[in-house]
Amino acid sequence: MKIFSAEQLYEADKITIEKQQITSEDLMERAGTQLFQWLHQRLNGAPVPIHIFCGIGDNGGDGLVVGRLLIEHGYNVVVYVVNCSDKRSKNFLLNYDKIKNVTKNWPILMKGENDFPKINSEDIIVDAIFGIGLNRCPGGWVKKLIQYLNESKAFKLAIDIPSGLYSNSPLEDYEAVLKANHTLTFQAPKLAFFLPETAGFVSNFDVLDIDLDLEFLYNTEPIAQLISKPEAQRFYQTREKFGHKGTYGHALIVAGSYGKMGAAVLSTTAAFRIGAGMVTAFVPKCGYNILQTAIPEAMVITDTEEEFISTVSFDFEPSAIGIGMGIGKNKATVAALKKLFKDSEIPFVIDADALNNISENKELLKLLPKNSVLTPHPGELKRLIGEWKNDYDKLEEVKKFSEKHEVVIVIKGAYTITVYGDKLYINTSGNPGMATAGSGDALSGVITGLLSQGYDPLLASVFGIYMHGCAGDITAGQMGYEAVMAGDIIDNLGEAYLDLFAKPETDNEANGKN
Ligand SMILES: NC(=O)C1=CN([C@@H]2O[C@H](COP(=O)(O)OP(=O)(O)OC[C@H]3O[C@@H](n4cnc5c(N)ncnc54)[C@H](O)[C@@H]3O)[C@@H](O)[C@H]2O)[C@H](O)CC1
Ligand SMILES: [K+]
């Protein structure tokens with residue numbers, strides 16, 4: 001699914017109105033009707049008090065539409081107009097008149113703190129104050145109203161976007177944003193829903209399709225691309241009947257140091273589980289028995305050093321190299337990286353201490369093999385590209401780094417974001433159970449294993465991240481978040497493949513009625 005900027009959505013509105021020969025009022029009615037149906041399906045006529053807070057623009061207009069429809073269906077609704085300015089949008093005014101024709105309880109004009117209504121914890125708050133037209137940080141009594149609503153225990157439903165949040169630019173005041181329990185957003189989610197500093201205001205959301213012009217949406221370059229199952233299904237490369245282990249590549253995992261051999265075991269196993277035909281682990285001598293015992297399927301080459309990597313040598317042409325997991329920062333290891341990067345044309349996955357070694361030895365940056373995949377967690381990213389002001393600044397800096405060094409950067413997090421040039425791919429699988437030691441080692445092994453099967457670096461990253469997260473979701477479903485360990489995620493990669501094309505369970509199957 002594509003993510004568009006506010007400007008692109010306004011453009012989509014305009015084109016939809018022209019091409020479908022409708023008015024903007026019709027489009028608002030369409031949006032408001034979708035909102036009503038979502039609520040009506042869930043409320044089923046329940047007499048719960050619903051407080052709708054309308055701004056004076058089209059977000060407010062949506063609030064008036066859904067308010068009118070709820071009132072017409074007998075719901076217990078009070079509508080307030082948050083009079084933050086004397087301006088009124090055209091469609092706000094049209095719907096302000098319409099709602100007055102269906103009730104004698106006309107919208108209540110709010111002019112300040114004295115007008116804040118009493119809201120009980122079992123009530124519902126509908127936030128239609130600001131949408132994607134927010135153009136400055138809410139202040140004064142309007143900010144206080146947002147804080148008042150946040151203090152309420154009532155269920156908060158945001159229309160299009162929680163008021164006070166920009167759809168795709170940095171926040172100025174975290175106190176002036178509604179903390180929505182659920183957001184109903186039109187046509188496509190907004191970038192702010194997925195970034196660490198702002199995702200917390202959205203928590204859950206549903207996308208309401210308001211039938212914007214498909215051709216425009218198809219032809220418009222998005223500011224980011226969401227990666228979910230449909231995209232992953234398209235990335236998957238089927239296996240031919242007559243494949244053999246050589247068909248699926250021979251990956252090399254360069255990992256481990258004394259006390260951190262587990263990273264080598266996890267990444268090597270993950271490369272196998274995601275489908276590499278053969279995997280050789282290159283480890284310090286101390287890892288030989290460990291690897292041969294833990295993964296008999298893997299071949300093992302050892303360094304001349306007992307406890308750390310000093311010279312990487314191998315007698316075959318790897319189809320992909322994953323390096324860094326648990327390797328530590330010994331000077332000899334840095335020298336080995338230099339030599340390896342200089343001589344090699346093979347696609348790399350560069351993780352963990354290999355990234356830290358690059359950050360501390362900037363001459364390694366110039367040697368970075370093109371089309372490598374770098375997989376930093378936020379701390380490693382800071383060391384690599386320096387501090388950033390906010391999430392948007394971070395993304396811009398990472399795009400510049402990716403373009404300059406011609407590499408794929410995987411920014412690991414709740415929504416892992418893959419950056420390639422100026423393109424952003426936001427993963428939607430995964431869960432907090434995956435914040436556990438070794439999860440990153442497993443991901444590096446997965447991406448290396450996909451590279452080794454011939455997936456290009458961008459596809460190997462985006463598809464690998466999705467599969468790693470999907471395996472994590474299956475694991476959390478089996479044992480809950482807290483018990484998830486990296487090895488369990490790897491063990492469920494096979495299940496993740498099966499899940500990719502499993503037909504969705506019908507309600508009867510889900511309820512055990514076949
Ligand atoms: N295609 C769609 O997604 C559709 C979206 N719809 C809704 O329209 C809003 C956007 O409406 P717009 O009138 O452009 O802006 P807002 O309602 O978000 O803003 C209201 C108004 O408030 C002023 N304003 C902005 N910031 C502040 C502030 N901090 N303090 C005071 N006043 C402020 C600003 O001048 C705006 O005029 C979108 O979110 C959807 O809800 C359509 O209904 C259907 C199609
Ligand atoms: K809103």
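Just so you know, residue 1 is the first one in the sequence shown, and it goes up from there. Atoms within a ligand are numbered from 1 in the order they appear, just like the ligands themselves.
- In this structure, Pro138 is part of the shell of residues with a heavy atom less than 4.0 angstrom from ligand 1.
- Nearest to atom 11 (O) of ligand 1 among the protein's heavy atoms is Asp58 CB, 3.2 Å.
- Nearest to atom 29 (N) of ligand 1 among the protein's heavy atoms is Arg136 O, 2.7 Å.
- Every side-chain contact (heavy atoms from CB on, under 4.5 Å) that Ser402 has, sequence neighbours left out, goes to Ile409, Val419, Tyr420.
- At a threshold of 3.4 Å, the K ion (ligand 2) has a backbone or side-chain N, O or S atom of Phe130 nearer than that distance.
- Gly55 lies apart from the K ion (ligand 2) in this respect, since none of its N, O or S atoms is found at a distance under 3.4 Å.
- Residue-level proximity to ligand 1 for Asp13 is carried by the side chain, the only part with a heavy atom below 4.0 angstrom.
- Considering backbone and side-chain atoms together, Gly133 places an N or O closer than 3.5 Å to an N or O of ligand 1.
- Of all protein heavy atoms, the one lying nearest to atom 6 (N) of ligand 1 is Asp62 OD2, 3.7 Å.
- An N or O contact shorter than 3.5 Å links Gly131 to ligand 1 by distance.
- For the pair Lys156 (side chain) and Asp127 (backbone), a donor-acceptor distance under 3.5 Å is absent.
- At a heavy-atom cutoff of 4.0 Å, ligand 1 is contacted by the side chain of Ile210 but not by its backbone.
- At a heavy-atom distance under 4.0 Å, only side-chain atoms of Asp160, from C-beta outward, approach ligand 1.
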Enumerate donor-acceptor pairs with a distance under 3.5 Å from any side-chain N or O in residues 136-144 to protein atoms, sequence neighbours excluded.
{"residue": "Trp141", "atom": "NE1", "partner": "Lys111", "partner atom": "O", "Å": "3.4"}
{"residue": "Lys143", "atom": "NZ", "partner": "Asp173", "partner atom": "OD2", "Å": "2.6"}

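- Among the atoms of Gly57, none of the N or O lies under 3.5 angstrom from an N or O of ligand 1.
- Looking only at heavy atoms of the protein, atom 5 (C) of ligand 1 is closest to Phe186 CD1, 4.1 Å.
- Heavy atoms of Ser85 found under 4.0 angstrom from ligand 1: none, in either backbone or side chain.
- Taking the six-membered ring for Trp and thresholds of 30 and 60 degrees, Tyr80 and His51 have nearly parallel ring planes, at less than 30 degrees apart.
- In this structure, Gly55 has no heavy atom closer than 4.0 Å to ligand 1.
- Listed by number with element, the atoms of ligand 1 under 4.0 angstrom from any heavy atom of Met28 are 43 (O).
- Counting only heavy atoms from C-beta outward, the side chains of Phe235 and Leu500 never approach each other to under 4.5 Å.
- Ring-plane geometry between Phe194 and Phe205 is classed as perpendicular, the angle between the planes exceeding 60 degrees on a 0 to 90 degree scale with a lower cut at 30.
- For atom 17 (O) of ligand 1, the nearest protein heavy atom (residue, atom name, distance) is Asn59 N, 2.9 Å.
- The nearest N, O or S atom of Asp160 is not closer to the K ion (ligand 2) than 3.4 Å.
- In this pair, Tyr236 and Phe463 present their aromatic rings tilted. The plane angle is within the 30 to 60° band.
- With 3.4 Å as the limit, Ala158 does not count as an N, O or S neighbour of the K ion (ligand 2).
- When heavy-atom distances to ligand 1 are checked against a 4.0 Å cut-off, Leu212 comes that close only through its side chain, counted from C-beta outward.
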